[in-house]
Amino acid sequence: MSVDTKKDAGQVAAEDLVTLTIDGQSVSVPKGTLIIRAAERTGTAIPRFCDHPLLDPAGACRQCLVDIPDAGNGRGFPKPQPSCTMPVAEGMIVKTQNTSEVARKAQEGMLEFLLINHPLDCPICDKGGECPLQNQSMADGRSESRYEGVKRTYPKPISISAQILLDRERCILCQRCTRFSDQISGDPFINLQERGARSQIGGYDKDGYDSYFSGNVVQICPVGALTSKDYRFRSRPFDLVSTRTTCELCAAGCELRTDHRHYQVTRRLAGNLPEVNEEWNCDKGRFAFRYGRGDDRITRPLVRRDGVLQPASWAEAIDSAVAGLKAAGPHVGVLTGGRLTVETNLAWSRFARTVLGTNNIDFRSRPASAEEASFLASQVAGRTLDESVTYADLEKAGRIVLVDLEPEDENPAVFLRLRKAWRKHRVAVTVVGSHLTRGSIKMGAALEPTAPGDESAALVRMVEGDQIDDSTVLLVGERAATSPGTLTALVDAVRVSGARLAWIPRRAGEVGAVEAGCLPGLLPGGRPVSDAGARVDMAALWGVETLPTAPGLDAEQMLSSVGSEEGIRALVVSGLEARDLADPQAARRCLEQVGFLVSLEQRASEVTERADVVLPVSLLEETSGTFLNWEHRPGRVRVINKEAPTPMNEIRVLAALADAMGSDLGMRTVVDAHNLWNEIDPWTGPRPDLVDPCTVDEPDEADAQGRDADLASGALKLDLWHQMLDDSAALAGADHLIASARPALLRVSPADAERIGAADGQTVAVRGPDGSVSLPLVVEPTMVDGVAWLPSGGPVGLAGTRSSLREVLGVAPGDPVDVEIESEGGAA
């Protein structure tokens with residue numbers, strides 16, 4: 001049952017309250033409250049199908065009829081009225097099915113009408129056992145049907161999208177699905193077609209259902225009319241055990257309800273967390289949970305013997321790893337990736353400092369920069385939820401400015417909240433970018449036209465033009481790390497205007513990694529490594545004498561130093577994909593050339609292929625922990641699978657490595673790590689200053705001149721980011737979800753399309769320094785001239801490879817690419 005998320009009556013001024021009587025009980029509620037909501041405050045549940053507190057009223061099913069003998073003016077309604085569309089009035093008297101025979105008979109009659117054409121296929125329906133129609137028919141309906149006609153039937157099921165099926169004869173025309181798609185996600189869906197007895201939900205002939213949020217229509221459907229291909233006929237609801245957990249696939253922090261049978265996850269649904277995801281979630285969080293079930297799952301330790309990885313015992317693998325790490329001495333680096341829980345990140349941070357004795361640790365398995373590391377240390381680390389921007393703040397802001405962030409792709413829950421803020425509260429949204437995306441248009445966003453790399457100048461213009469003030473919230477994505485000066489300009493904008501700033505990364509564990517100190521210049525709680533007091537403070541908390549003082553290397557520096565005399569000789573890696581790094585080819589070469597490589601992994605990867613020792617670790621569903629979302633809000637992860645093939649989580653593995661190296665990690669379980677995390681207070685000492693990007697990220701002069709020359713010759717400057725559904729390893733096994741991924745394409749402005757001589761929909765060849773790829777061209781009216789956009793990843797023409805589009809072309813944001821019309825025999 002959905003809950004009312006409006007203010008409690010106790011928080012509303014007395015003059016804004018309305019007092020009425022429901023079933024003889026007096027209740028005061030805010031003006032404008034619907035009768036069905038007022039009844040919920042008295043503990044009375046009025047049956048309903050179409051009603052949902054997060055959707056606009058529709059009055060479609062008429063199941064919530066109530067008797068109103070007095071509308072507050074001394075006169076009553078001659079017929080029962082739908083309580084989901086009628087607001088309360090002062091002095092109104094309402095009688096529900098509990099006290100009125102008129103209301104009870106009206107509701108019973110509506111159930112009969114709904115069941116006239118409804119098929120009696122509950123035993124095979126996916127909704128059977130959790131179906132509101134089934135439940136209300138059993139509780140409030142007639143025991144026998146009086147209908148003797150022939151039920152209406154349709155061919156079944158019809159495919160609405162790559163993963164949603166529709167059984168039209170089950171539909172009761174409540175229109176929850178169409179209202180969700182129109183109001184919440186903003187995607188064209190199916191609509192109500194025909195009239196009278198022929199009324200039915202049908203699809204658009206021209207456009208299919210293309211949405212990142214399609215699974216929600218299945219969850220809110222009050223009958224089994226909409227089902228997912230992923231779950232259809234897989235289980236019965238009453239055979240499932242439900243566990244509340246937190247999604248691990250982005251930094252939104254959505255609550256999920258994970259349903260499992262015999263410790264195998266069968267489906268995932270959106271949980272009810274009004275502060276974060278309300279009652280919605282994206283399709284990636286809903287359907288992408290099979291990534292650890294493939295044949296590539298690693299369940300035994302592996303050790304390289306005679307150049308070949310071979311199974312080994314845990315004792316042998318641990319001893320081999322320790323021997324290799326000791327041989328490397330202080331020249332060891334740690335790469336942790338961005339999908340670990342806070343507890344696991346804390347274990348890695350302590351392992352690097354107290355066991356390996358190094359500050360060479362970095363979680364950023366993506367393009368990064370020294371400016372970003374400085375920004376994270378000075379502006380993000382050591383913050384609490386009370387100090388941070390929250391989802392609720394987005395609805396109260398005067399303006400939202402998005403910088404290097406595409407919420408629909410990179411943080412879907414933020415996208416839904418921004419759309420709600422614009423639609424319900426008319427919050428202005430401004431995108432600093434190259435064009436208005438589909439998601440931007442659905443948020444009613446305005447464009448601040450900006451070529452990649454020019455974001456800092458755009459922010460200066462907006463501040464000078466009073467477009468950023470103290471009611472503004474600035475949201476910046478991780479892609480800002482590739483645009484020198486952008487993060488510095490954001491901090492300056494906050495200082496000058498009083499605006500608020502929030503950093504929104506893509507991966508679920510990145511905020512927790514910052515807080516746990518998985519950066520070369522940062523200790524847990526925002527403590528700078530360079531501050532002697534911070535080191536002493538952290539050493540005391542960890543119970544060690546000293547912590548390393550030498551400056552650490554970031555991920556790029558670690559990899560690039562491999563092979564040099566004082567460079568990295570051994571790497572310990574967790575959850576890292578080489579193709580995600582700034583230079584994937586260079587990363588692969590470094591992984592092959594490093595003297596010793598230890599990989600803690602769940603599945604076979606490019607890293608495990610090159611590793612000397614592979615230590616298998618648990619999937620997230622097999623362990624527990626905490627994620628910090630972009631707000632710094634903690635979200636609990638709970639154990640789902642208690643019969644894991646790999647009982648060792650990363651904390652246990654790191655503790656075993658520490659023991660073998662003669663050290664004590666100080667934690668052996670998630671509970672130990674969580675307790676230690678709770679003992680670490682945020683740093684209250686001085687924070688490091690934001691480093692001038694001109695001193696840390698100066699581009700190579702020859703490369704800059706080459707890019708300028710390429711752009712002058714007519715090449716297009718590239719803008720790119722990951723689409724939500726692409727070639728991510730997290731989508732492995734989610735075949736229906738992958739089938740719904742949006743195709744890769746190239747977007748250019750009308751002027752550039754005319755210069756190229758290509759029309760909308762025509763195939764063009766896109767050439768970069770390392771290769772070319774053929775893509776359909778889309779003419780985007782809002783695109784900045786001289787800029788082209790394409791997605792960082794697939795899927796296009798890259799089946800069976802591990803290469804993203806960015807890697808095939810050999811490009812980064814802001815780099816030039818050539819675009820030509822492709823002829824039948826190849827590019828012109």
Side-chain angles (χ1 to χ4, degrees), residues 251 364 366-381 389 399-407 409-411 414 429-435 437 440 445-465 467-468 472-497 499-506 510-511 514 519 554 556 582 630 688-700 703-704 707 711 717-722 784 786-787 789 792 806 811-815:
R364 295 173 296 171
R366 53 174 174 78
S369 67
E371 181 190 5
E372 184 196 41
S374 171
F375 171 82
L376 295 178
S378 63
Q379 306 297 319
V380 177
V389 177
R399 180 187 298 273
I400 306 289
V401 178
L402 306 177
V403 183
D404 286 323
L405 176 67
E406 174 52 38
D409 281 317
E410 298 175 299
N411 198 301
V414 169
V429 179
T430 300
V431 173
V432 178
S434 62
H435 67 290
T437 65
S440 300
L447 179 67
E448 180 67 26
T450 308
D454 296 339
E455 290 87 352
S456 57
L459 288 166
V460 171
R461 288 198 308 270
M462 294 182 70
V463 171
E464 293 175 348
Q467 293 177 269
I468 297 177
T472 302
V473 173
L474 302 168
L475 301 181
V476 59
E478 65 183 35
R479 288 184 281 119
T482 64
S483 176
T486 297
L487 294 171
T488 302
L490 281 164
V491 174
D492 290 341
V494 170
R495 177 178 52 81
V496 171
S497 67
R500 301 183 68 189
L501 173 64
W503 178 66
I504 303 184
R506 287 179 58 242
E510 294 209 359
V511 174
V514 172
L519 280 170
D554 63 26
E556 184 177 350
W630 67 271
D689 294 328
L690 190 62
V691 177
D692 185 348
C694 296
T695 65
V696 295
D697 294 311
E698 290 187 13
D700 183 86
D703 288 345
R707 282 195 296 270
L711 293 172
K717 184 180 283 190
L718 192 61
D719 190 15
L720 75 169
W721 59 76
H722 284 280
V784 174
V787 176
W789 178 90
S792 293
R806 178 174 64 87
V811 293
D815 285 351

(request) Quick one: closest heavy-atom pair of Trp630 and Val389, and the distance? (result) CZ3-O, 3.5 Å

(request) Using the test side chain to side chain contact (heavy atoms under 4.5 Å, CB included), find all partners of Ala493 that sit at least two apart in sequence or belong to another chain. (result) Val463, Leu474

(message) Would you call the rings of Trp721 and Trp789 parallel, tilted or perpendicular, taking 30° and 60° as the class edges?
(response) tilted

(request) Give, for atom CG of Asp492 and atom CG of Leu459, the distance between the pair rounded to the nearest 0.5 Å. (result) 9.5 Å

(request) Search all heavy atoms of Thr486 against all heavy atoms of Ser456 and return the closest pair with its distance. (result) OG1-N, 3.9 Å

(request) Measure the CG-CD distance between Leu487 and Glu478 for me, rounded to the nearest 0.5 Å. (result) 11.5 Å

(message) For Arg479, run the side chain to side chain contact (heavy atoms under 4.5 Å, CB included) check against Glu410, Arg366, His722, Arg506 and tell me which one passes.
(response) Glu410

(request) Please report the closest heavy-atom contact between Pro505 and Ala251, naming both atoms and the distance. (result) O-CB, 3.4 Å

(request) Hey, could you give me the CG/CD1 distance between Leu402 and Ile504, rounded to the nearest 0.5 Å? (result) 8.0 Å

(request) Would you list the pairs meeting salt bridge (charged side-chain N to carboxylate O under 4.0 Å, His left out) in which at least one residue belongs to residues 447-461, sequence neighbours left out? (result) Glu448-Arg461

(request) Provide the closest heavy-atom pair for Leu405 versus Pro407 in the form atom of the first, atom of the second, distance. (result) O-CD, 3.5 Å

(request) Give the minimum heavy-atom separation between Leu447 and Gly433, together with the two atoms involved. (result) CD1-O, 3.5 Å

(request) Give the intermediate values and the outcome of side-chain contact (heavy atoms from CB on, under 4.5 Å) for residues Val432 and Met462. (result) CA-CA 10 Å; Val432 178; Met462 294 182 70; 3.7 Å; yes

(request) Applying side chain to side chain contact (heavy atoms under 4.5 Å, CB included), name anything that partners Pro452, two or more places apart in sequence or on another chain. (result) Lys717, Asp719, Val787

(request) Would you sort out whether Ser483 and Asp404 count as a side-chain contact (heavy atoms from CB on, under 4.5 Å), showing the intermediate values? (result) CA-CA 9 Å; Ser483 176; Asp404 286 323; 4.1 Å; yes

(request) Look up atom CG in Leu475 and atom CH2 in Trp503, then write down how far apart they are to the nearest 0.5 Å. (result) 13.5 Å

(request) Kindly compute the distance separating NE2 (His435) from OG (Ser440), expressed to the nearest 0.5 Å. (result) 7.5 Å

(message) If we ignore hydrogens and angles and just use 3.5 Å, is the side chain of Arg399 paired with the main-chain N or O of Thr430 as donor and acceptor?
(response) no

(request) Measure the OG1-CD distance between Thr488 and Glu372 for me, rounded to the nearest 0.5 Å. (result) 11.5 Å

